[in-house]
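A quick write-up on the structure given underneath.
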Amino acid sequence: MNRFPCVSLVAVMLGFAVPQMFAQTPGATGAVLYEGARLITGEGGAPIEGSAFLVQAGRFVRVGRKGDVQAPAGAIRVDLTGKTVIPALVDAHSHIGYMKNLTSGPQNYTRENIVDHMHRFAYFGVAASLAMGTDFGEMPYQLHDELMAGKDPDAARFLTAGRGLAPLAEISAANMHHATYVVTTVEGARADVEELSLRKVPIIKMWVDTRGGTLKTLTPDLYGAILDEAHKRRMRVAVHATELTEAKNLLRAGIDIFAHMISDVDDELVTLFKQHPNTSVLTALGGPRRIVSAPWLNPPNALITETVRPEQIKRLQDRLAGQTPQAVQQGRDAWDRLARTVRTLSAAGVKIGVGTDGGGQTGDQFVGWTMHAELENLVAAGMAPAQVIQAATRNAAEILGLTDLGTVSAGKSADFVVLDANPLDDITNTRRISKVFLRGHEVDRAKLRAGFIPTAMPTR
Ligand SMILES: [Zn+2]
């Protein structure tokens, strides 16, 4: 059968008839011009007051001042006067699919629960998050491909580090390390990394932590083999390591990403970072910080009550209220040291990206919310709001290798958050979310909200 006549007909329609027919209809070009907002581009520098940016086919096409940015005929115009726009946030360290109401563990790790978590991220203005070494099975890889392709327009991008690599002492049946590769030999470590490379995982995760001298962790020959094999295969390595001595050894061995803030800092550490300028650090301050201060919990912020069931909120309130004075003092000491590391590394020009450890198995680290708590934590540690926003947008996107996220600039994916107030005045204004856009699409936050806390759900 000769199909050319049909092709010709389509070509004629596409080439001539269709554009002319729709050019008179507003929005038929798919172009939308957002005008009037204060725009924080994420690239550093002062915000653009009275901005305009053009979005077409899911991307930023032009970014500048209102009146300077031209739009094609038929473009829809959206007035954002009085609002502040920031790039969509990126959380570079999460544990996705484990937490579900009052339980957290492998039994909750289903496709539906991961999708629910990615909806939560989107709801909170987070465009992407990396599950840090706690995924297992085939499903997360398939889901990654689907969500990265934008098959669910209301879901954030799900990135996976696949199965992490850990010493035997880290692993128990019920914790999130149950699915890790157990590293005991150099040959085994190299084979594990090779397997992850076949999955095209860009970043892998390993644990190097003696937990205060209580357990036997990976030795330098083992983590050195992981680093060497990963780098040969053009993958980067993120490490859970918080102890100062081990952090120095890991820097000397060529570590790419610290998944947590290092618990102490001295001149030698700063020098090693300067010798390794491509090594970056994620924040993960939430656990220690909320022992000291969690003003968002009493009363709970509206974003929490909209997404977390009352009994889970109460459990965290009770946990924090029931801490012993000794635990509070330990938390305060830990926080003071972490804050000093944040200030010192930030001042030294080390790339700091936001990674919250949200969804972790202990302590109700509410998925999505941890991002907004972390921004406040970083300001409390001594960073300026503009630096903090950059850490949560451009830096985190760069660390994850997401070249089309992190800033509002021409060519990037149109992922942005419209806020009712300016976070440069008060960082907690990132919580005053008016709208969230992913790939140019406005996330249906009302629909998502209705699904987070189903009214007919039985209590556990
Ligand atoms: Zn973690």
Side-chain angles (χ1 to χ4, degrees), residues 86 88-96 98-99 104 117 120-130 132 156 259-261 281-309 312-321 323 328 331-332 334-336 338-339 341-342 346 352-385 387-393 395-396 417 419 421 423-433 436 452:
I86 59 172
L89 303 159
V90 174
D91 188 342
H93 177 173
S94 292
H95 298 286
I96 299 169
Y98 281 77
M99 182 186 292
S104 184
H117 287 187
R120 288 168 187 268
F121 281 115
Y123 186 80
F124 281 94
V126 179
S129 191
L130 171 69
M132 212 38 132
H260 290 252
M261 191 55 58
V281 183
L282 302 177
T283 53
L285 303 173
R289 176 63 183 168
R290 68 188 182 187
I291 293 172
V292 178
S293 175
W296 40 266
L297 193 58
N298 287 302
N301 181 270
L303 287 173
I304 296 176
T305 55
E306 287 164 8
T307 55
V308 183
R309 296 176 72 196
Q312 197 183 357
I313 298 170
K314 182 173 186 308
R315 181 172 66 180
L316 181 56
Q317 287 171 329
D318 291 348
R319 277 179 179 170
L320 294 181
Q323 296 177 112
V328 173
R332 192 172 302 281
W335 165 253
D336 288 345
L338 286 169
T341 309
V342 169
S346 174
I352 295 174
V354 170
T356 71
D357 215 358
Q361 207 163 339
T362 51
D364 294 314
Q365 301 177 86
F366 307 140
V367 173
W369 168 256
T370 55
M371 167 58 76
H372 295 274
E374 192 78 327
L375 301 178
E376 182 183 15
N377 297 340
L378 284 164
V379 170
M383 285 172 69
Q387 288 180 301
V388 171
I389 290 167
Q390 196 174 311
T393 55
N395 291 4
V417 185
L419 301 171
L424 299 177
D425 293 340
D426 178 346
I427 196 66
T428 65
N429 285 338
T430 63
R431 301 163 192 179
R432 297 181 60 186
I433 297 171
V436 176
F452 291 144

Do we see a donor-acceptor contact under 3.5 Å between the side chains of Q317 and N298?
yes

Heavy-atom side-chain proximity of W335 to L285 below 4.5 angstrom
yes

Would you indicate whether the side-chain heavy atoms of R290 and Q365 approach each other to under 4.5 Å?
yes

Could you state the interatomic distance from CZ (F124) to OG1 (T370), rounded to the nearest 0.5 Å?
8.5 Å

What is the distance from atom CG of L303 to atom CZ of R432, rounded to the nearest 0.5 Å?
11.5 Å

Does the side chain of R120 come within less than 4.5 Å of F452's, by heavy atoms?
yes

Walk me through it: do T428 and H372 pass the test side-chain contact (heavy atoms from CB on, under 4.5 Å)?
CA-CA 7 Å; T428 65; H372 295 274; over 6 Å; no

Atom of P288, atom of L338 and distance for their closest heavy-atom approach:
CG-CD1, 3.4 Å

Between NE2 of H260 and CG of L282, what distance do you get to the nearest 0.5 Å?
9.0 Å

Evaluation steps, side-chain contact (heavy atoms from CB on, under 4.5 Å), between L378 and T283:
CA-CA 8 Å; L378 284 164; T283 53; 3.7 Å; yes

Which is it for V126 and V90 under the side-chain contact (heavy atoms from CB on, under 4.5 Å) test, yes or no, and what are the steps along the way?
CA-CA 5 Å; V126 179; V90 174; 5.6 Å; no

Got V292 and V328 here, is their nearest side-chain heavy-atom distance under 4.5 Å?
no

Closest non-hydrogen contact found for P423 with I86 is CG-CG2, 4.2 Å

Between A259 and M132 the two heavy atoms that sit nearest each other are CB-CE, 3.9 Å

Can you name the closest pair of heavy atoms from A284 and E374 and give their distance?
N-OE2, 2.9 Å

Test your reading of the model: is there a side-chain donor-acceptor pair from Q312 to the backbone of R309, 3.5 Å cut-off?
no

Note: L419 and T430 closest approach over all heavy atoms is CD2-O, 3.4 Å

Enter the distance from R319:CZ to I291:CD1 here, rounded to the nearest 0.5 Å.
11.5 Å

Taking the side chain as C-beta and beyond, is there a heavy-atom pair between W296 and I304 under 4.5 Å?
yes

Quick one: does V388's side chain get under 4.5 Å of V379's, heavy atoms only?
yes

Take I389 and I427 through the side-chain contact (heavy atoms from CB on, under 4.5 Å) test and state the conclusion after the steps.
CA-CA 9 Å; I389 290 167; I427 196 66; 4.1 Å; yes

Closest approach of P295 and E376, non-hydrogen atoms and distance?
CG-OE2, 3.5 Å

Hey, does the side chain of N395 reach the backbone of I352 with a donor-acceptor pair shorter than 3.5 angstrom?
yes

Does a side-chain heavy-atom distance below 4.5 Å link S94 with H117?
no

With heavy-atom distances below 4.5 Å as the criterion, would you say the side chains of L89 and V354 are in contact?
no

State the CZ-CG distance between R431 and L375, to the nearest 0.5 angstrom.
8.0 Å

CZ of F366 to OG1 of T307, rounded to nearest 0.5 Å, is 8.0 Å

